Amino acid sequence: MFALVDCNSFYASCEKIFRPDLRNKPIVVLSNNDGCVIARSAEAKKMGIKMAQPWYQIKSQYLSNGGIVFSSNYEFYADISNRVMNTLTELCPEIDIYSIDEAFLDLRSFKRNIDLVRFSYDCRKRIKKWVGVPVSIGIAPTRTLSKLANKVAKDDKRFEGVAVFERKEITNYLLKKTDIADVWGIGRKLSKRLKEIGINNAFELSKLNPRLAGNNFSVVLEKTIRELRGEPCINLNNINEPKKQIVVSRSFGRGVTSKDILHEAVSFHANRAAEKLRHEKQKCRLITIFIRSNRFSNRVKQIYASKHINLIHPTSDSRIIVKSANQILNMIYREGYEYSKAGVLLSDFVNNFGYQMSLFNRAKDTASSERLMKTVDQIKLKEIAKIGFGNLGFRNTWKMKRQMKSKRYTTNINEIPFVK
DNA sequence: TCTGGGGTCCTAGGACCC
DNA sequence: TCTGGGGTCCTAGGACCC
């Protein structure tokens, strides 16, 4: 059996932890740039606020109805997430952290006669008490089914946050009530194609021949079908697997036409990407840059430009990464367009230890680069000074809006909560 | 005026090899 | 006029996820 533990309205629940005055208030949390809604408390959902809805469309009505809004505060959410995951790890060491707010527990090593419902309620209670966020738990023979069980636990009040799919009849009954678009792994395209051939709910999907479906669609669908039938075949097991790519990208606060400002943004993202890369203890061989116009706008001429370069030898040196990023920008920039987003993507990683050096790469240079980068990272970490490479600029015209951010209650000593 | 950001995995097709 | 067959590796792009 597998359990999926998922925090309810995670970001919104985080915002409530240190604000008891918000207990029963509608709360939404916005994406970067205060662009659209990415989390809603139960009260906000009741008001009809939709996921990913653009903020400007609902702002005035939502606020006049007493709604509360926050810009996203990832430093805070990441810290709360760690606390949730640490608590879970104590309860079940076989854990796959799947995203910031959910984790799979592999219960196959548990004793056979353990009361899973009881275990789940204990889990829930402990996380609520120790960390302060509510979670829902779904348990089933496969990960895909545990996802569905979790959804039932969340949506159907009778389950009180815990659903265990054990009996076949109950599972089938619920599968029949589940639209295929709600099945993990079935997205927009697949659900459209499946509905065209008359497959509408999860039960019908589970009755398809897995191998045939695999040949006609993809192995992903084949695995999903097998999982719906109770045969575990999706393995995560990526607990300590290193990342394969690092992306840093942002939309600008407003449209940008100036090449200079694009250079600032690209330098800024490249700096950040290099930091993340060093934090992962990896080096990259491939740097990709992209710039694009606002794809929602029919006012501006559309453009998407991207290009990558291979490095002669792997690096995590900010100077090289920033310089290469700006070289690419020079190659892809075209005048006469209004850009709304830029991004830096690092990939093709090698481990810091034991990789092939190029013929012309001198060990001495590598050592001095690593010392310099280490120093830079320390200066930043200890907030001794602001430091970075390339033309980072002072204008900040492209930086994002984030006007309603809460405090870093748990990670900054100057912002800890006060009790008066 | 204002529509997120960061990931993974799979596949088709090209390049290349014998 | 007639121009093989089978394999690997790599990459860009699509689909999906939260």
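Note that the coordinates shown come from a computational prediction; the quantities given were computed from them, not determined experimentally.
Two rings, from A:W184 and A:F104, have their centers less than 6.0 Å apart.
Consecutive Watson-Crick or G-U pairs involving DNA chain B, each under 3.5 Å on both distances, make up stems of three or more pairs at B:5-18 with C:5-18.
Using bins of under 30°, 30° to 60° and over 60° for the plane-to-plane angle, the ring pair A:Y409/A:F18 lands in the tilted bin. Taking the six-membered ring for Trp and thresholds of 30 and 60 degrees, A:F119 and A:F110 have ring planes more than 60 degrees apart, a perpendicular arrangement.
Taking 4.0 angstrom as the limit, A:R250 places a side-chain polar atom (N or O) nearer than this to OP1 or OP2 of B:dG6. Using a 4.0 Å cut-off, some side-chain N or O of A:S251 falls inside it from OP1 or OP2 of B:dG5. Listed pair A:N33 / B:dT3 fails the phosphate criterion, with no side-chain N or O lying under 4.0 Å from OP1 or OP2. Checking the phosphate oxygens (OP1, OP2) of B:dG4, no side-chain nitrogen or oxygen of A:S249 falls inside 4.0 Å.
Mapping A:Q245 and A:S31 onto DNA chain B by nearest heavy atom places A:S31 closer to the 5' end of the strand. When each of A:K243 and A:G35 is assigned the nucleotide of DNA chain B with its nearest heavy atom, A:G35 is the one assigned upstream, toward the 5' end.
In this structure, CD1 of A:I100 is placed 16 Å from P of B:dG5, rounded to the nearest angstrom. Rounded to an integer number of Å, the gap from CG of A:D6 to C1' of C:dC17 is 13 Å. In this structure, the CD1 atom of A:I97 is 15 Å from the C1' atom of B:dG7, given to the nearest Å. Atom CZ of A:R299 is separated from atom C1' of B:dC2 by 11 Å (rounded to the nearest Å).
Looking only at atom types and distance, the side chain of A:S136 has no donor-acceptor partner in the side chain of A:N150 under 3.5 Å away. Donor-acceptor pairing under 3.5 Å is recorded for the side chains of A:K259 and A:N330.
Backbone-only contact: A:V183 has heavy atoms under 4.0 Å from sugar-phosphate atoms and none from a base. Here A:D34 lies out of heavy-atom contact (under 4.0 Å) with every strand. Heavy atoms of A:K50 sit nowhere under 4.0 angstrom from any nucleic acid atom. Using a 4.0 Å heavy-atom distance criterion, A:E102 is classed as a sugar-phosphate-only contact. Residue A:K59 is out of contact with every strand shown, counting any heavy-atom pair closer than 4.0 Å.
A salt bridge links A:D79 to A:R83: one of the charged nitrogens lies within less than 4.0 Å of a carboxylate oxygen. Taking the charged nitrogens against the carboxylate oxygens, A:E370 and A:K283 do have a contact shorter than 4.0 Å, which makes a salt bridge. A salt bridge does not link A:E94 with A:R108: every distance from a Lys NZ or Arg NE/NH1/NH2 to an Asp or Glu carboxylate oxygen is 4.0 Å or more. Salt bridge status for A:E43 with A:K16: present, with a side-chain N to carboxylate O gap under 4.0 Å. A:D34 and A:K59 are not joined by a salt bridge, as no carboxylate oxygen comes within less than 4.0 angstrom of a charged side-chain nitrogen.
Listed by residue number, the members of residues 184-206 of chain A with any heavy atom below 4.0 angstrom from DNA chain C are A:W184, A:G185, A:I186, A:G187, A:R188, A:K189, A:L190. Within residues 318-346 of chain A, no residue has any heavy atom under 4.0 Å from DNA chain C.
Not counting sequence neighbours, the partners of A:Y77 by the ring-ring contact (aromatic ring centres under 6.0 Å, His included) test are A:Y11. For A:Q282, the side chain to side chain contact (heavy atoms under 4.5 Å, CB included) test picks out A:P242, A:L277, A:E280, A:F349, with sequence neighbours left out.
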Please enumerate all protein N or O atoms sitting under 3.5 Å from an N or O of nucleotides 10-15 of chain B, with distances to 0.1 Å.
residue, atom, partner, partner atom, Å
B:dT11, OP1, A:V219, N, 3.3

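A gap of 16 Å separates the C1' atoms of C:dG4 and B:dC16, to the nearest Å.
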